[in-house]
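First the structure, in the form of structure tokens, and then the observations on it.
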Amino acid sequence: MSTQLAEPGSDLRTPARGVARRERPVTAAGLLTKAILLGLVVAIAIWAAMPLIDAGAWVGLAVLVVGTVGLCYLYLTPRHIPAKYLVPGTLFLLAFQVFPVLYTASTAFTNFGDGHRGSKEDAIVAIQTSSVTQVPGSTEYALSVATTGDPATGPLVFLVTDPTTGVVSAGDTEGLRTLSAADVTVAPGGKVTAADGYTLLNFGQVNARSQEVTDFAVPTSGGAIRSSGLSRAYEGKALRAYDAGCDCVRDTVTGKTWTADADLGAFVAADGERLIQGWQVNVGLNNFARLITDSTISGPFLSTLVWNLVFAIGSTGGTFVLGLLCALALHSPRVRGRNIYRVLLILPYAMPAFAMLLIWRDMFNTDFGLINNLFGLDVDWFGQEWSARLAVIGVQLWLGYPYMFLVATGALQAIPAELTEASSIDGASPWQSFRRVTLPLLLVALSPLLISSFAYNFNNFNAIHLTSEGGPFPADNSSVGATDLLITYTYRLAFGAAGAQYGFAAAVSVFIFALVAIISAVSFRRTRQQEEVYT
Amino acid sequence: MSAVDSSRARRGRWLTQVGWRHLVGLVAVVFSLFPIVFVVSAAINPLGTLSSTELLPTGASLDNFVNLFRDTEFGRWFLNSILIAGLAAAASVFLSALAAYAFSRMRFRGRRVGLLALLLIQMFPQFLAIVAIFLIFTKVTDLWPVIGFNTSWGLMLLYLGTALGVNTWLMKGFFDTLPKELDESATMDGASHVQVFFRIMLPLVAPILAVAGLLAFISTINEFLIANVFLTQAESKTLAVGMYGLVAGERNANFGIFAAGTLLTAVPTVAVFQFLQRYIVSGLTAGAVKG
């Protein structure tokens, strides 16, 4: 981005006037800026390449190299001028908007989520190690918990000493590895007190990660090594074992078998019981079908969709009417103190919305809330379906109407006063001239804003999550509440306490996108027609 | 007609033509202000709980402000927010101004498709892809911790994904209103397209840059969902995430310091807002008409 070497205005609008091609002087400052910026790009690319090489991510590296070379070419050649201006923003758009959207769309066709994260092999290992129990005759080890990284977050390693041979081994999720006796210091009793390449965790650090230590298992040939307490470990036997012959998992005690189901990505028993650990598979349109056919989902989903539409229309329409009313009222030079009104009126727009939403939530508090206190009410605002819906729309009105007031004021100023004067001379009442002249002109100017405001409110996550949190929830279903929008519902599916269902949540996202896109496209088309009528 | 009658008639006309305007204005101002008065009252209420807060202050002290800085990481959150929102807003305005210049002044293959694609992609709000973003950044955190989870830089880059989009349309509308003769004559005089952009166009569109920057700043300060997934460590949080944590658990007890934090959060926005007010009205509507 600096002075071009020799570029005539051919790509600019009109070369038709016979602009003579002439050489432009190369300014030193321009050249320097260009060199510095491109140097920076290359430096960042080299920095970014190192971890990719370490991780062996060759596809990523190839993308990086091609991208960097492409950027250098683009800004060194005098050609492709529009691209010089479009590429910087487009890169971010591709990386952080388009790619996530495509990723979302592809995730929507899988069962990805808790219990379905990795491959089938991962699932088998997980099933076997989690079924490990201590049986009579299990080997007991002295245990030291260590890590290869930071004591608080680094990956755990078990340092265990075999009671019979005194051999010290290091075990991680990959398995057990014998350490050379020269590298370790062993205290009497078999506990390792120091080991080269490992940081031993002290008692407090182990205690802080006790849950992780308890869940940690080092797979071995016959089962796995798990901790019992913080300084002892045992090698237990896996009660459930995978049998490649029948492609199933068999419980050695009860004899029950769970057969692999490639469509579900899970091991399923004859009685329909599924093991929790499954693997990620492509489920085709199942997630979308589930939205429509599963009655426990489609019922609430439909009512959520309807409420979502009501919320978006109510918020956008309500704020527009209110904002327009105020703009009309103050749109007269005869009103003294208009500026003071204006400044005070738009204050809600300048307040931090996230904080004010939480404040409003507390103003609707049943026991101490301002609303109940002020009006002497005793309404459990967020406890009942209708009052909760009324409350969240009310809050949206407060937050949103100053914006509509601002834009309506601007649009009113753009309408020539002669038009309404002319209509009043023709005998129209103020209401008539507003209805027939001002409003249509306003709508032409403001409909793109109204549509984008609708699209915004359709997915107004904060408005719900920070006030009612989707509640109140029906007694029999804690996943969809009365004020839930599709986006808050999606969020709960993906990150909620009930376990992550990324695949299904992604399907809902794709569905929302399709819906918003269709609604917006139709309204844009309509407003375009309208514009042709009025202008 | 007597003098009394005519003055009564005049007063009647004043009521129907001007009086109602004041009435609407007053009601609107009361509606706008009462929650803010409540926040101020809560912020200076020495007891600092929700149950002890009234609409009008019952006492005055700065305890809540002192506690806010002493007991929480509010200072850090504030700096994080200002840094992220400020830089992201500035960068996104610059990126979209570049694109708007190309779309407004140059004719190239794919221009129409590009503009429509921007409109369509922008309808897929970034946070709908939150699951994918989470998974992508799990990988990024492994490879480049500097821009991974819990870093301001990573979050800022992520926000720049939406830099093109509505801003580009808003600005393109504004660029289109500038007479083409300006840059054509500059080109004739030997200015390169870079000089046209930086020396002629950018100064002329300053109002829309200010408006777009302010809007981006406000929306980034208020962004909660992505930041909440992205930032989990106390010192890396933004205001939205950090202050949400204040009232997520003990909402009654922390209400006073939360209100104090709300007021402080509003300070930079209100200041810039008052400063830019006249640009905002004209900027928004100029963009809207061209939409």
Side-chain angles (χ1 to χ4, degrees), chain A residues 2-4 7 9 11-13 19 24 51 81-82 85-86 88-89 92-93 96-97 100-101 103-104 326 329-330 332 334-335 341 344-345 347-348 350-355 358-359 362 368 370 406-407 409-411 445-446 448-449 455 459 461-462 494 502 505-506 509 512-513 516-517 520, chain B residues 18 21 24-25 28-29 32-33 35-36 38-39 50-51 55 95-96 98-99 101-102 105-106 108 121 123-126 128-129 131-133 143-144 158 160-164 180 187-188 190 192-194 221-222 224-225 240 243 247 262 265-266 269-270 273 280-282 284-285 288-289 291:
Chain A
S2 73
T3 310
Q4 276 312 301
E7 181 52 40
D11 279 79
L12 293 173
R13 213 154 244 248
V19 180
R24 297 236 167 71
I81 294 178
Y85 288 87
L86 292 172
F92 284 103
L93 187 76
F96 298 117
Q97 181 92 330
V101 167
Y103 197 153
T104 304
C326 295
L330 298 180
S332 162
R334 293 176 64 188
V335 180
Y341 278 125
L344 294 178
L345 217 147
L347 266 183
M351 295 294 285
F354 74 88
L358 290 163
I359 298 271
D362 289 335
F368 332 108
L370 181 69
L406 276 178
V407 295
T409 303
L446 296 185
L449 278 184
N459 290 308
F461 177 83
N462 281 8
Y502 296 133
S509 294
I512 300 176
F513 169 58
V516 177
S520 307
Chain B
V18 184
R21 296 172 186 275
V24 171
V29 165
S32 273
L33 285 190
I36 299 174
F38 180 66
V39 174
L50 174 60
S51 44
L55 183 58
L95 291 179
S96 42
L98 286 174
Y101 173 55
R105 285 302 197 261
M106 300 170 190
F108 49 91
I121 294 167
M123 277 173 207
F124 195 101
Q126 199 178 27
L128 272 185
V131 174
I133 289 174
L143 290 171
W144 305 286
L158 187 51
L160 286 184
T162 54
L164 298 192
K180 277 150 207 112
T187 310
M188 300 258 258
S192 71
H193 60 92
V194 181
I221 285 258
N222 282 311
F224 173 78
L225 176 52
M243 283 176 57
V247 287
T262 306
T265 307
T269 329
V270 173
F273 208 89
I280 289 169
V281 174
S282 63
L284 277 176
T285 43
V289 178

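Note that the coordinates shown come from a computational prediction; the quantities given were computed from them, not determined experimentally. Proteins come first, then strands; the chains are lettered A, B, ... in the order of their sequence lines, and each starts at number 1.
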Notebook entry, point to check: Closest heavy-atom contact between A/Ala355 and B/Met243?
Noted result: CB-CE, 4.3 Å
Margin query: Which one wins on heavy-atom pair count under 4.5 Å against chain A: B/Gly25, B/Ser96, B/Pro35?
Written below: B/Pro35
Item checked: Which portion of A/Ala353 sits near chain B, non-hydrogen atoms under 4.5 angstrom -> both
Checklist line | Criterion side-chain contact (heavy atoms from CB on, under 4.5 Å) on B/Phe108 and A/Leu86, from CA distance to verdict | finding: CA-CA 11 Å; B/Phe108 49 91; A/Leu86 292 172; 3.5 Å; yes
Checklist line | Full working for side chain to side chain donor-acceptor pair (under 3.5 Å) between B/Tyr101 and B/His193 | finding: CA-CA 10 Å; B/Tyr101 173 55; B/His193 60 92; 5.4 Å; no
Notebook entry, point to check: Highest number of heavy-atom pairs under 4.5 Å with chain A: which of B/Thr262, B/Leu225, B/Thr269?
Noted result: B/Leu225
Checklist line | side-chain contact (heavy atoms from CB on, under 4.5 Å) assessment of A/Tyr341 paired with A/Val335 | finding: CA-CA 10 Å; A/Tyr341 278 125; A/Val335 180; 4.1 Å; yes
Notebook entry, point to check: Relative to chain A, which segment of B/Val39 carries a heavy atom at a distance below 4.5 Å: side chain, backbone, both, or neither?
Noted result: side chain
Item checked: Residue selection (most heavy-atom pairs with chain A, distance under 4.5 Å) from B/Ala129, B/Ala240, B/Ala99 -> B/Ala240
Checklist line | A/Asn459 versus chain B, the contacting section by heavy-atom distance below 4.5 Å | finding: both
Item checked: Among B/Leu160, B/Val29, B/Val270, residue most engaged with chain A (heavy-atom pairs, under 4.5 Å) -> B/Leu160
Next item on the list: Go through the steps to decide whether A/Leu347 and B/Ser32 satisfy the test side-chain contact (heavy atoms from CB on, under 4.5 Å), and finish with yes or no.
Entry: CA-CA 7 Å; A/Leu347 266 183; B/Ser32 273; 5.7 Å; no
Item checked: Winner by heavy-atom pair count (cut-off under 4.5 Å) against chain B, out of A/Pro348, A/Pro352, A/Ala505, A/Ala517 -> A/Pro352
Check: Ignoring hydrogens and geometry, is there a side-chain-to-backbone donor-acceptor pair from B/Asn222 to A/Phe354 under 3.5 Å?
Finding: yes
